[in-house]
A.B. asks: 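Pasting in a structure now, in structure tokens, and then I'll have a few things to ask.
Order of appearance sets the numbers: ligands from 1, and atoms from 1 within every ligand.
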Amino acid sequence: MNRRSLLKAGLTTGGAAVAAGALTIPAQAAGDPVITEIQDWNRYLGDGVDAAPYGKPSEFEANVVRRNVEWLTADPVSSINFTPLHELDGIITPNGICFERHHGGAAQINPADHRLMINGLVDTPLVFTMEDLKRFPRQNHVYFLECAANSGMEWRGSQLNGCQYTHGMIHNVMYTGIPLKTLLEEAGIKTNGKWVLAEGADAAAMTRSIPMEKALEDCLVAFKMNGEALRPEQGYPLRLVVPGWEGNMWVKWLRRLEVGDEPWQQREETSKYTDLLANGKARRFTWVMDPKSVITSPSPQAPITHGKGPLVITGVAWSGNGKVKRVDVSIDGGRNWTTARIDGPSLSKSMHRFYLDINWDGSPLLLQSRAMDEHGYYQPTKNELRAERGENSIYHNNGIQTWHVKADGTVENVEVS
Ligand code: MTE
Ligand code: CO
């Protein structure tokens with residue numbers, strides 16, 4: 001299973017790739033029939049406005065789909081699929097291709113039958129219907145959700161060939177919801193209320209303890225994603241949004257919030273979602289997703305097919321600590337770095353899109369990206385991470401990814417030593 005290939009940085013990269021100047025993209029040869037002949041779509045009427053009450057992508061985009069890794073999918077109701085990051089641009093993940101992670105399948109809930117209860121150390125225990133919740137003042141925020149296990153299979157070496165698989169347990173969505181603070185204050189938090197337990201209504205009854213400070217800071221109880229209702233697989237009709245923190249805490253199908261004076265020590269915060277160190281001890285309550293980035297194109301599933309010349313290198317970066325301030329890109333395995341251009345909104349705890357436009361001379365590249373957040377925290381190399389945390393872990397791998405671009409434009413997942 002482990003295809004680890006180690007390359008000596010620099011040895012395989014030859015000529016320089018310099019910043020793009022004037023574009024020299026060749027014009028099509030004369031007599032191209034798609035220009036000289038009238039095409040069917042030009043000759044005949046297209047579909048009417050009644051053809052697709054709810055629209056779908058073009059049939060030519062049929063490969064832009066979530067995918068599984070077969071050997072990770074013992075049973076689809078307790079598994080994961082991955083966002084096709086290599087096909088996306090900008091910062092928003094479209095609803096139909098947001099990765100899914102369920103521990104007990106995707107619950108199908110009629111919102112008329114859904115309730116949110118607040119109990120525990122509160123002045124007044126409360127139960128809300130969905131209609132009740134939609135009468136509270138609401139907010140809109142764009143946040144990334146990254147599973148703590150994203151890139152987990154890469155801890156011991158490069159393994160999965162594609163950023164969809166190595167980095168696709170992430171999505172970036174605009175949520176509409178009510179600040180958790182509003183609802184907790186409606187119930188009245190008792191002075192010894194220091195933690196909140198969030199519980200899901202699915203068969204897994206996912207439960208996580210969240211410190212009160214975070215609950216009051218920026219958590220949302222969300223019912224919409226990218227403007228429309230949450231998708232069933234994303235927790236319809238209600239999910240918790242825990243900005244910048246590991247995806248496991250973002251309880252879907254949210255049905256109960258209990259206020260307590262200490263964490264509950266649930267399975268998902270003891271045997272799971274803890275990081276086993278080399279000395280046998282485990283890091284616990286490792287909530288924040290640290291700065292991370294990946295080049296999405298070129299990448300193994302998005303090879304270079306146009307030959308040498310102008311090449312758009314692009315990728316995404318994010319940090320659970322706030323905004324990404326800078327992304328550097330290396331084409332020689334981390335020896336030299338060039339600051340990439342961040343384009344589009346730069347929002348706290350949201351994905352950022354970066355570009356480096358170069359003139360590729362056709363020689364092999366060792367592509368890397370490195371994010372730095374607004375607090376000056378740099379994304380580490382994989383070896384720096386292993387030196388700190390050993391090789392047992394699955395969670396919180398934010399190490400620098402390397403793609404080996406070969407002269408023929410194909411790309412492979414590798415590590416540099
Ligand atoms: N909430 C419930 N109720 N049940 C679950 O199985 N999975 C968690 C979290 N919330 C889960 C849940 C995990 S591990 C992650 S990474 C995120 O939801 C995934 O969210 P998504 O399916 O919207 O990508
Ligand atoms: Co997860």
Side-chain angles (χ1 to χ4, degrees), residues 66-69 72-85 92-109 114-117 142-153 164 167-175 177 196-210 219-226 228-258 266-275 286-289 292 318 320 351 393-397:
R66 302 187 275 224
R67 289 187 179 83
N68 306 321
V69 171
L72 277 174
T73 311
D75 188 324
V77 298
S78 176
S79 196
I80 187 117
N81 59 28
F82 300 86
T83 304
L85 289 178
I92 296 292
T93 316
N95 289 345
I97 46 176
C98 287
F99 89 94
E100 303 167 59
R101 170 74 175 110
H102 335 119
H103 295 71
Q108 304 293 329
I109 301 178
H114 192 71
R115 301 288 181 273
L116 175 64
M117 176 193 283
V142 181
Y143 293 123
F144 76 82
L145 178 165
E146 184 183 15
C147 180
N150 199 20
S151 315
M153 290 79 75
Q164 176 165 22
H167 290 75
M169 293 187 203
I170 188 164
H171 49 64
N172 199 60
V173 159
M174 179 182 291
Y175 295 96
V196 178
L197 183 77
E199 180 184 77
D202 56 330
M206 173 70 60
T207 34
R208 282 293 300 252
S209 309
I210 297 162
C219 292
L220 291 176
V221 173
F223 47 87
K224 289 208 151 77
M225 59 191 291
N226 294 331
E228 63 178 5
L230 293 172
R231 292 290 169 91
E233 58 270 39
Q234 260 73 45
Y236 181 84
L238 201 62
R239 98 172 294 167
L240 190 64
V241 169
V242 189
W245 287 20
E246 63 187 18
N248 186 258
M249 306 177 86
W250 297 47
V251 172
K252 303 192 275 190
W253 311 289
L254 181 69
R255 72 160 169 212
R256 194 167 69 91
L257 295 162
E258 182 177 336
Q266 294 290 326
R267 188 187 86 115
E268 308 298 320
E269 51 208 27
T270 52
S271 84
K272 302 295 176 197
Y273 301 96
T274 52
D275 316 327
T286 45
W287 299 306
V288 176
M289 300 310 291
K292 188 166 168 182
W318 59 94
M351 255 188 201
S393 201
I394 328 168
Y395 305 113
H396 295 276
N397 178 0

A.B. asks: Does His102, backbone or side chain, put an N or O under 3.5 Å from an N or O of ligand 1?
C.D. replies: no

A.B. asks: So if I count the atoms of ligand 1 from 1 in the order they appear, which ones are less than 4.0 Å from some heavy atom of Val251?
C.D. replies: 1 (N), 10 (N)

A.B. asks: If I apply the N/O under 3.5 Å rule, does His171 come out as touching ligand 1?
C.D. replies: yes

A.B. asks: Do me a favour and list the nearest non-hydrogen protein atom to atom 16 (S) of ligand 1 with residue, atom name and distance?
C.D. replies: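 Going atom by atom, the protein heavy atom closest to atom 16 (S) of ligand 1 ends up being Cys147 CB, 3.3 Å.
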
A.B. asks: Please state which protein non-hydrogen atom is closest to atom 19 (C) of ligand 1 and give its distance, to 0.1 Å?
C.D. replies: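 Heavy-atom neighbour on the protein nearest atom 19 (C) of ligand 1: Arg101 CB, 3.8 Å.
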
A.B. asks: Would you say that His103 contacts Asn248 through its side chain, given a criterion of any heavy-atom pair below 4.5 Å between the two side chains?
C.D. replies: yes

A.B. asks: Should Arg239 and Leu145 count as side-chain neighbours, where that means a heavy-atom distance under 4.5 Å?
C.D. replies: yes

A.B. asks: Are Met351 and Leu85 packed together at the side-chain level, in the sense that at least one heavy-atom pair is separated by less than 4.5 angstrom?
C.D. replies: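 Heavy-atom side-chain distance check passes, below 4.5 Å.
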
A.B. asks: In the protein, which heavy atom is nearest to atom 20 (O) of ligand 1, and how far is it?
C.D. replies: Arg239 NH2, 3.1 Å

A.B. asks: Is it true that Glu146 and Lys292 have a side-chain N and a carboxylate O under 4.0 angstrom from each other?
C.D. replies: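 A salt bridge links Glu146 with Lys292.
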
A.B. asks: In a check of side chain to side chain contact (heavy atoms under 4.5 Å, CB included) between Arg208 and each of Glu246, Arg267, Gln266, which one passes?
C.D. replies: Glu246

A.B. asks: Would you call Pro237 and Ile109 a side-chain contact if the rule is heavy atoms closer than 4.5 Å?
C.D. replies: yes

A.B. asks: In the protein, which heavy atom is nearest to atom 11 (C) of ligand 1, and how far is it?
C.D. replies: Met206 CE, 3.6 Å

A.B. asks: What do we get for Phe82 next to ligand 1 when only non-hydrogen atoms under 4.0 Å count, side chain, backbone, both or neither?
C.D. replies: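 No part of Phe82 is near ligand 1 at this cut-off.
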
A.B. asks: Working to the nearest 0.5 angstrom, can you tell me the gap between Lys252 NZ and Met206 CE?
C.D. replies: 8.0 Å

A.B. asks: Give me the nearest non-hydrogen protein atom to atom 10 (N) of ligand 1 as residue plus atom name, then the distance to 0.1 Å.
C.D. replies: Trp250 O, 3.1 Å

A.B. asks: Considering the heavy atoms of Glu233, write down every atom of ligand 1 situated less than 4.0 Å from one of them.
C.D. replies: 22 (O)

A.B. asks: Checking a contact table here: which protein heavy atom is nearest atom 9 (C) of ligand 1, and how many Å away?
C.D. replies: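 For this ligand atom, the closest protein heavy atom is Gly247 O, 3.3 Å.
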
A.B. asks: Is there a side-chain contact between Val221 and Leu240, using heavy atoms and a 4.5 Å cut-off?
C.D. replies: yes

A.B. asks: Tell me which protein heavy atom sits closest to atom 4 (N) of ligand 1, plus the residue, atom name and distance to 0.1 Å.
C.D. replies: Asp202 OD2, 2.7 Å

A.B. asks: Side chains of Asp275 and Thr286: is there a donor and an acceptor less than 3.5 Å apart?
C.D. replies: yes

A.B. asks: Are Phe82 and Asn68 side-chain neighbours, meaning at least one heavy-atom pair lies under 4.5 Å?
C.D. replies: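 They are not in side-chain contact.
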
A.B. asks: Can you list the atoms of ligand 1 that are under 4.0 Å from a heavy atom of Leu145?
C.D. replies: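 So the atoms of ligand 1 that pass are 20 (O).
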
A.B. asks: Give the residue, atom name and distance (to 0.1 Å) of the protein heavy atom nearest atom 22 (O) of ligand 1.
C.D. replies: Lys252 NZ, 2.4 Å

A.B. asks: Check each heavy atom of Leu254 against ligand 1 and say whether those closer than 4.0 Å belong to the side chain, the backbone, both or neither.
C.D. replies: neither

A.B. asks: Check each atom of ligand 1 against the heavy atoms of Trp253 and keep those under 4.0 Å away; list them by number with element.
C.D. replies: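 Counting from 1, the qualifying ligand atoms are 2 (C), 3 (N), 4 (N).
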
A.B. asks: Please could you name the atoms of ligand 1 that Tyr273 approaches to less than 4.0 Å, counting only its heavy atoms?
C.D. replies: 14 (S)

A.B. asks: Met117 versus Glu199: any side-chain heavy-atom pair under 4.5 Å?
C.D. replies: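 No; the side chains remain at least 4.5 Å from each other.
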
